Structure formats: structure tokens, C-alpha cells
2 protein chains.
Amino acid sequence: MTTTVLLVDDHPVVRSGLRAVLDTDTVHVLGEAATGEEAITLAAHLHPDVVLCDLRLGAGIDGIQTTAALRALIPAPAVLILTTFDRDAEILGAIEAGAAGYLLKDVAPEVIIEGIHRAAKGDMFLAPDLASRVLQGMRNPLPRLTDRELEVLRLMSTGAANRDIARTLFVTEATVKSHIAHIFTKLDVDSRSRAIHLAQETGLI
Amino acid sequence: MTTTVLLVDDHPVVRSGLRAVLDTDTVHVLGEAATGEEAITLAAHLHPDVVLCDLRLGAGIDGIQTTAALRALIPAPAVLILTTFDRDAEILGAIEAGAAGYLLKDVAPEVIIEGIHRAAKGDMFLAPDLASRVLQGMRNPLPRLTDRELEVLRLMSTGAANRDIARTLFVTEATVKSHIAHIFTKLDVDSRSRAIHLAQETGLI
DNA sequence: GTCGGCATCATCCAAAAGGTTGAGATTCAG
DNA sequence: CTGAATCTCAACCTTTTGGATGATGCCGAC
């Protein structure tokens, strides 16, 4: 039985590659989308069994938002994330948004095909080298930062000093320091550079 | 007249995509390599007109080292860098290593084909949106950091405090501070987070 | 040999960052 | 309504960072 697939990637070359690799007797590629918006429209019309979606989609909404929107369709396609990156926060975010699986782009074509079939059957499918990491991430969840704290953290990571952050957010430096103190406590670090490094490593920002 | 090409990319899917997109009446794909080492061996035997090479090649040597090695072959193929990333230092590094051009992966297939033909003729070919940036980069060259300074910068970017850096490098904190002062002057910044951010943005680290 | 670049270290001072504690205001769920 | 979380701010203090200046030794270029 053939599984129908919609490809979502902002790189034409990757779409062509996926199409060439996937379009076999067990998988049928219904269409391609370059953006998340396009993917949602196409999926609503084509009703693919599975949507194969990149996380980074250039302009417009990202893969996680796309996943959430796709899963809200009726009938909802299974969403398989296929990406180059393996940042923890993003994997967990994608799964929270309803993704059926997560594959890295450097896997062999057969693994992608297997993942598609598994996703179509309603299974979860994680690239083997990611599975342990995800479980690890769920045991050691990154503390939840509030929106404001994330905003401060992002500004910090661009090299902004407390004064700069205060000016950007229209608050006093005391407030910024307060947020930063909370961030440090939650991330268990004691310097902005460590906080930045940790945040970048885990995909928090 | 057809131009012969060797593909170098660590992602099977991208290689398939490139092959599907490029193998036309004017371009002939001679072979594919997944690593830089493989690319050099293959190029020495197949004598392609052009090598289309990703910058990030997973394990092993990177695209810039591969470029340099390829350009040392006789006859030397033209090397066209095709990558997702657009960091300044890498573009300039690739060109220094002898690359004939630099393309971003999100361009249309026709642009890649045009780039291949131009490279085969000995022209330089830069993605249009990169050209101005590269010229800009050559007018405002990033100051050359010494090896030691780069080492310190890299440690800084992992969140290490001066004391940590000093311990790692077996020098005193005073020395670390001295290096950092030089780094700041050269990069024209006044805080480690800004230095880290700039270094990451420009691909310095 | 001399000069310049580099790495090493030191001292002194000022500024920024970080830690602690506490507190007012708002919002939102139970 | 009450309590918890969040965002805001303040005062105080310690540590870290950054800036300025200068000194030593090494090495390679001229």
C-alpha cells in the first residue's frame, strides 16, 4: 500500500532530492511546498498521509508552527520533521506540537522511507541517535523561562549590556538584573556568557 | 558543450537532489562524494571540470580544506561552494582557498547551473546577494587575531571566565586579560558577550 | 643587531555584572 | 477572594570585567 507525502522545504534542491529518493512504489509524493503557509494550504487540499517538513523554513512561520497548524487539520496528516539540526529544545518543541517523528537529514534514504511508513501507521519515529537524547531531555527538562526572561536572554546573546536591554525593553536596569538573576538560577549558571552558551547549545534561543 | 561535475555533500538527499536538478544536456554529473577525502580521490581520477562542494562535510576535513586540496590537483577543477550558510569569514576563506564561487543552497536550480558553467569558464561566480557583502568584507576586513587570541576567544564563547581560561591555557589571569583586551580592541567591542556575538556572526569561530 | 609582533605578567582603578533581600502591582487559576 | 506567578523596582554588597600602562623574553624579518 502506498503512502502519500507532501514535502516541505525551502530549498528547491532538497525538495528535488527528496522527490527523487522517495517516489517509489511504496511512497507517492503528492506535492511540494517551500513555506509553512503553502504547506498548510496544500495539505488541506491534497490530504497527504504524511507531511515531511523541514524545521527551518526561511521566511514565514517555522516548522513547529507549521506542524501545529497541520495537526489541526481534519483529517490531520502525520508530520515527520526532517532537518539538519539536532537541538534539544527544537526536538521537544516539535513533538509537543504533534510531530510523529524527527529525522536528521544525513540519514540514508531508506531510513526516511521507513520513517514515513511508520508515521503513516501512527507510530512515533525518532532517529536512533536522537532517541536517547530526547529521553534524557525529558528527564532533565530545561527549566521553563518566562517570555520576558527569554526576551532578555535573547538580547543578552546579541551582546547587549544590561543598560542596552533596559533601554530596549523600556524598563530599569534593576529589572533587567532581576530577570537575569532568575535566568541564571534557572539555568544554573553564574555568568552571562555561560547562560548564552547553554541557551545556544540547547536551542533555547 | 557539456560541463562535467563532481558533487560533494554529506547528505545523500542533497546529492540526489543536485543530481536530479543538474544532470541535463549541458551538465554531466560524473560522481558523488560524501566527504572531502573522498572528493579529492575521486576528482584525481575523474577530472571533473567543476567540483560542487558543501562547506560543512560532517566528519573529516571541511569544505575549505577540500577546496585547497582540489585546487592543488593537476589539472585543477574549478571549485564551486554550495552551502546553507552565509558567514563572512567562511566565504572569504573559501575564496582564499581558490574557490571560483559561492552559492547559497536556497537558490533556484538554474542559478546553480549558470554558476557551474561560469566556473568552468574560469569566471568567478557569487550569489548576487553575497557579492556586495563580500566586497564589503574586503573593504572592512576583520582584524587578524593571533592563534592565541582565537583560542581565548573560543574559550570565552563557551562561557569560560577569565580564571577558567587561565587554568585551561596554563597562564595567569593577567595574561588572559591582556589577550582579551587585544581581542576587544581588534574587534572594536567592549564586552565579552559582544565579542562572542560578533565572532559567531562573522564566522570567526 | 635592531625592530616589531607576540605572549607573558603586574598593578591600579573604574565600571559592569552578579547575589541577596524585600516589596508593590498585575494577572490568572482554583 | 486567595494564592501563585510574573514583572517591576530598589538598596547593598562582592566579584568579575575591562582600561591603562608598563615590563620582560622570544622570535623572525630586514
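So you know, we letter chains A, B, ... as the sequences are listed, proteins then strands, and number each from 1. Small disclaimer: the values here were computed from a predicted structure and weren't measured. In what follows, every heavy atom counts, from backbone to side chain, and hydrogens, waters and symmetry copies are set aside.
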First locate atom CD1 of A/I64, then atom CG of A/L57, and finally report the distance between them rounded to the nearest 0.5 Å.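 A/I64 CD1 to A/L57 CG: 10.5 Å, rounded to 0.5 Å.
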
Rounded to the nearest 0.5 Å, what's the gap from CG on A/L153 to CD on A/Q200? Could you check?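 Atom-to-atom, A/L153:CG and A/Q200:CD are 9.0 Å apart.
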
Euclidean distance, atom [atom1] of residue [X] to atom [atom2] of [N] [Å, nearest integer]:
{"X": "B/I180", "N": "D/dT16", "atom1": "CD1", "atom2": "P", "result": "14 Å"}
{"X": "A/R163", "N": "C/dA17", "atom1": "CZ", "atom2": "P", "result": "8 Å"}
{"X": "B/F184", "N": "D/dA20", "atom1": "CZ", "atom2": "C1'", "result": "15 Å"}
{"X": "A/R194", "N": "C/dA17", "atom1": "CZ", "atom2": "C1'", "result": "15 Å"}
{"X": "A/D190", "N": "D/dT17", "atom1": "CG", "atom2": "C1'", "result": "14 Å"}
{"X": "A/L153", "N": "C/dG18", "atom1": "CG", "atom2": "P", "result": "12 Å"}
{"X": "B/I165", "N": "C/dC9", "atom1": "CD1", "atom2": "C1'", "result": "16 Å"}

What pair of heavy atoms forms the shortest contact from A/I112 to B/V13, and how long is it?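 Nearest heavy atoms, A/I112 then B/V13: CD1-CG2, 3.6 Å.
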
Are side-chain heavy atoms of B/L22 and B/L52 found at a separation under 4.5 Å?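 Yes, their side chains come closer than 4.5 Å.
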
Are B/I91 and B/L130 close enough that some pair of their side-chain heavy atoms sits under 4.5 Å apart?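 Yes, their side chains come closer than 4.5 Å.
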
I'd like a list of close polar pairs between nucleotides 5-11 of chain D and the protein, N/O only, cut-off under 3.5 Å.
from	atom 1	to	atom 2	distance (Å)
D/dC7	OP1	A/T146	OG1	3.3
D/dC7	OP1	A/R148	N	3.2
D/dC7	OP2	A/T146	OG1	2.6
D/dT8	OP1	A/R148	NE	3.2
D/dT8	OP1	A/R148	NH2	2.6
D/dT8	OP2	A/R148	NE	3.0
D/dT8	OP2	A/H179	NE2	2.7
D/dC9	OP2	A/T172	N	2.7
D/dC9	OP2	A/T172	OG1	3.4
D/dC9	OP2	A/T175	OG1	2.5
D/dC9	O5'	A/T172	OG1	3.3
D/dC9	O5'	A/T175	OG1	3.2
D/dC9	N4	A/S178	OG	3.4

Tell me whether the side-chain N/O atoms of A/N162 come closer than 4.0 Å to OP1 or OP2 in C/dA16.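 False: A/N162 side-chain N/O out of range (4.0 Å or more) of C/dA16 OP1/OP2.
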
Short side-chain donor-acceptor distance under 3.5 Å, A/H197 and B/S157: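 There is no such pair (donor and acceptor under 3.5 Å, judged by atom type) between the side chains of B/S157 and A/H197.
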
